[in-house]
Amino acid sequence: MTLAIVLAAGAPAAGLPTGAGETLADRLAAQWRRAGADEVRAAANLEELAALVGAATGPVIVSGADLVAHTAVLKHLATSPVGPTVALVLTDPPAPGRTAVREERGQVVEAAPELADATGVFGGALRVGVEDLPALAAAARAAAARPVTGPAVDGLFAALTALGTLTFAHRVRLLVAHRVGDAAGLHAAEAALAGVNEDKAELRLSVKERDDFFTTYFVSTWSPYVTKAAARIGLGPTAVTMLSVLFAVAAAVLFGVGGRPALVSGAVLLYLGFVLDCVDGQLARYTRHFSAWGGWLDTMADRAKEYVVYAGLGYGATHAGFRYGWALAIAAMTLQTVRHMTDTWYGVLHDEAARRPKTAVGGGGGGIGDRLNAASTRVQADTGSVSYWLKRTVVFPIGERWALIALTVALFNPLVSLVAVLVWGTLAFAYTGALRTLRARWMWVPVLDTVDATLHRDDGPLAARLPVVRPMGPLTLAVLAALGPAALLVAALLTDDGGLRWWVPAALLVLLVGGLGAGAAHNGPLDWLVPAALRAGEYLFAIAVGVVGGAPAWLVFGYVLVLTLHHYDLTARLEKRQAAPPLHRWTLGWEGRSVLLALAAIAGIVSIGLATLGTYLLVGFVASVVLAWVVLPARAARMTAVPVGGGSPG
């Protein structure tokens with residue numbers, strides 16, 4: 001249950017009459033109810049607010065009584081999916097007693113009455129997640145003990161930020177929100193509200209503020225009309241996601257069939273599927289239907305769709321007579337997955353660095369990393385410039401990948417499409433890897449020390465029992481581990497010697513070197529790369545074993561695809577702040593799975609080993625999904641339900 005508290009202390013405008021005749025405070029209370037608050041209470045001072053917060057069992061919304069805003073602004077704040085605690089941030093000029101805000105990467109990193117490098121001002125409203133309610137109550141008591149120099153809600157927010165609470169910034173675009181101090185300000189703000197069509201603005205706001213070049217100019221120019229139509233007929237974001245999956249699967253089938261009509265038709269379906277992929281997010285933002293399940297499903301569906309398309313291209317290239325069609329598809333999937341692993345962890349690194357004072361980041365101070373960081377910030381701020389679009393395009397985002405696939409397969413064939421994806425993907429990986437490495441050394445943030453490193457390394461029971469080699473560091477060990485499988489794969493591709501299967505144990509021993517760093521501290525400036533390095537090592541080993549054992553290429557592709565689903569599940573849960581998969585301990589770990597494949601290679605049953613282990617992991621993945629998103633939530637709901645007429649839950 002969401003509680004909204006309107007705090008009138010220090011806000012003389014609270015009792016001003018609005019154009020409808022009600023006071024500003026009363027109108028705000030009514031707006032919060034329309035925005036989704038289950039209960040709205042008024043607090044005369046911070047002591048009353050602390051008492052209300054102490055009794056709350058769900059998220060709490062706090063707003064000053066001087067805020068004039070569209071109801072949609074309040075609803076967007078109340079339903080924002082970026083994090084549990086979110087504050088409204090405005091671009092209004094600072095006023096006496098108001099709190100200035102400095103934010104980085106959407107996070108409020110500092111809030112005080114005066115800030116030399118402020119990026120905005122506190123908008124007088126914030127939503128606080130359940131886990132942060134004790135901090136909110138403590139901030140209220142701390143602010144109440146200080147002299148009041150302005151609206152009490154500003155002192156509360158400054159105190160909450162000073163306690164180190166992770167707060168995300170919610171900016172207002174297209175709609176209107178202002179804080180007022182007198183009747184003239186109230187009249188001007190109401191006039192501004194009346195000048196904006198709220199529904200049209202919300203539809204435009206459903207489109208991401210910053211997206212990639214292809215998406216911005218070839219999708220988002222017309223996808224809002226599809227979003228509006230989907231909302232009118234009652235389609236939800238999940239239904240649209242499923243439709244986009246069907247379009248991608250149909251495109252993959254046509255790519256496999258071959259022939260110019262089929263390839264062109266597949267390219268059109270792929271484009272339309274990508275449009276729907278954008279629409280599901282736009283629909284969620286337009287209807288404010290967010291959920292952890294929807295976010296997780298969208299992430300997983302994006303990757304599954306892309307890799308199914310790679311499978312269609314691989315089959316199509318092979319069917320057209322190219323011997324290594326499936327090999328290129330496997331390479332494209334492996335490269336893209338390892339890239340995504342680095343993208344995820346670099347994002348975590350950057351978010352963590354934004355929360356830390358720069359003086360505490362690293363011992364080198366400045367240097368090329370500092371200059372690169374400053375240059376990147378300047379380019380990102382220059383929205384719409386040539387350098388801005390080049391930076392966003394060169395990294396080969398999903399819109400550009402799907403556009404490249406659609407164009408090359410329609411104009412040429414699946415082989416050209418796969419080669420183009422691999423070439424651009426490799427160049428993008430080299431570019432981002434080099435720049436991020438330099439910037440990460442400057443930031444020097446040990447992000448893997450802030451999470452369960454064992455979980456995100458995907459270690460199994462064997463890695464936990466291996467000795468720890470600390471001097472080399474976990475990243476060095478993980479990179480070395482990948483070299484053995486890489487060497488075996490190269491040898492297997494260059495020779496048809498059946499005796500190579502006896503080299504599999506040697507490659508396995510090199511791979512297990514990665515486990516020697518499992519128990520070491522992951523606090524180096526580049527240790528955020530450890531999960532990606534371990535993924536590369538495991539995938540290369542599985543592919544090498546498949547080649548050595550003569551397994552069908554499509555079976556190798558299928559096994560690696562199942563591994564990617566397992567690993568994307570981990571990163572999607574990290575991004576959505578979800579717990580580990582319920583059946584994670586049954587996945588055996590990267591080293592356990594590799595040992596089983598090595599035994600299958602020695603026994604000469606690689607195909608059986610890949611099929612059996614892949615099926616086991618797929619069944620475990622599906623069971624884990626059902627448990628995490630259906631069974632366990634239903635059980636928790638039954639346990640917390642209050643039975644009619646009192647009594648204890650049955």
Side-chain angles (χ1 to χ4, degrees), residues 246-274 303-337 396 400-429 486 488-498 500-501 539-540 542-564 606-608 610-611 614:
L246 290 177
F247 272 66
V249 171
V253 171
L254 290 171
F255 295 158
V257 169
R260 188 57 53 198
L263 294 179
V264 172
S265 300
V268 172
L269 287 178
L270 188 64
Y271 168 67
L272 294 177
F274 181 66
R303 302 288 73 77
K305 287 183 295 186
E306 184 171 359
Y307 295 164
V308 165
V309 168
Y310 289 169
L313 294 172
Y315 178 84
T318 303
H319 185 65
F322 182 68
R323 180 181 177 186
Y324 297 108
W326 276 110
L328 292 177
I330 294 169
M333 178 171 60
T334 301
L335 172 67
Q336 195 55 49
T337 302
F396 203 27
E400 273 64 16
R401 290 199 302 276
W402 286 54
L404 180 68
I405 291 171
L407 284 174
T408 52
V409 79
L411 296 175
F412 304 102
N413 54 56
L415 173 60
V416 172
S417 187
L418 283 171
V419 171
V421 167
L422 276 169
V423 171
W424 193 344
T426 301
L427 293 175
F429 195 19
L488 178 63
L489 177 59
V490 171
L493 292 174
L494 295 178
T495 178
D496 294 327
D497 185 4
L500 279 177
R501 70 172 178 165
Y539 298 166
L540 288 171
I543 296 167
V545 167
V547 175
V548 169
W554 61 265
L555 180 59
V556 178
F557 182 95
Y559 178 77
V560 176
L561 175 60
V562 173
L563 287 182
T564 66
V606 168
S607 293
I608 295 175
L610 287 170

Query raised in the report: Given the rule in the side chain to side chain contact (heavy atoms under 4.5 Å, CB included) test, do Trp554 and Tyr315 qualify, once you have shown the distances and angles that lead to the verdict?
Result: CA-CA 8 Å; Trp554 61 265; Tyr315 178 84; over 6 Å; no

Query raised in the report: Under 3.5 Å, is there a donor-acceptor pair between the side chain of Arg260 and the main chain of Ala410?
Result: yes

Report summary line: side chain to side chain contact (heavy atoms under 4.5 Å, CB included) test vs Val409 passes for just one of Leu404, Val416, Leu313, namely Leu313

Report task. Check step by step if side chain to side chain contact (heavy atoms under 4.5 Å, CB included) holds for Arg303 and Gln336. Result -> CA-CA 9 Å; Arg303 302 288 73 77; Gln336 195 55 49; 5.6 Å; no

**Report entry** Over 12 non-hydrogen atoms of neighbours within 6.0 angstrom of CH2 in Trp424
**Finding:** yes

Query - CD1-OH distance between Ile330 and Tyr559, expressed to the nearest 0.5 angstrom - result: 13.0 Å

Query raised in the report: Nearest 0.5 Å, what's the CG-CZ distance between Leu270 and Arg401?
Result: 11.5 Å

Requested in this report: Kindly compute the distance separating CG (Leu418) from CE (Met333), expressed to the nearest 0.5 Å.
Outcome: 11.5 Å

Report summary line: All heavy atoms of Phe255 vs all of Ala267, minimum pair found to be CE2-N, 3.6 Å

Query raised in the report: Should we say atom OH of Tyr539 is surrounded by more than 12 heavy atoms from elsewhere, each under 6.0 Å from it?
Result: yes

**Report entry** Sub-4.5 Å side-chain heavy-atom contact between Tyr310 and Val421
**Finding:** yes

Query raised in the report: ring-ring contact (aromatic ring centres under 6.0 Å, His included) between Phe274 and Tyr271: does it pass, once the steps are laid out?
Result: CA-CA 5 Å; Phe274 181 66; Tyr271 168 67; 7.7 Å; no

Requested in this report: Quick one: closest heavy-atom pair of Ala551 and Val606, and the distance?
Outcome: CB-CG1, 4.0 Å

Query raised in the report: Nearest heavy-atom pair of Ala252 and Val309: which atoms, and what distance?
Result: CB-CA, 3.9 Å

Requested in this report: Go through Thr318 and Tyr324 one step at a time and tell me if the side chain to side chain donor-acceptor pair (under 3.5 Å) criterion holds.
Outcome: CA-CA 7 Å; Thr318 303; Tyr324 297 108; over 6 Å; no

Report task. Please round to the nearest 0.5 Å and tell me the distance separating atom CG of Leu246 and atom CG of Leu269. Result -> 11.0 Å

Query - Donor-acceptor pair, side chain of Thr495 and main chain of Ala491, under 3.5 angstrom - result: no

**Report entry** Backbone of Leu561 reached by a side-chain donor or acceptor of Thr564 within 3.5 Å
**Finding:** yes

Query - Minimal non-hydrogen separation, Pro552 against Ser607, with atom names - result: CD-OG, 3.4 Å

Query - Donor-acceptor contact below 3.5 Å, side chain Thr408 vs main chain Ile405 - result: yes

Query raised in the report: How long is the span from the OG1 atom in Thr337 to the CD atom in Glu306, to the nearest 0.5 Å?
Result: 8.5 Å

Query raised in the report: Ala428 and Phe396: which non-hydrogen atoms are nearest, and at how many Å?
Result: CB-CB, 3.8 Å

Requested in this report: Measure across Leu263 and Leu254 and return the closest heavy-atom pair with its distance rounded to 0.1 Å.
Outcome: CD2-O, 4.2 Å

Query raised in the report: Taking atom CZ of Phe557 and atom CG of Leu610, what is their separation to the nearest 0.5 Å?
Result: 14.0 Å

Query raised in the report: Is it true that a side-chain atom of Arg501 and a backbone atom of Val545 form a donor plus acceptor pair closer than 3.5 Å?
Result: no

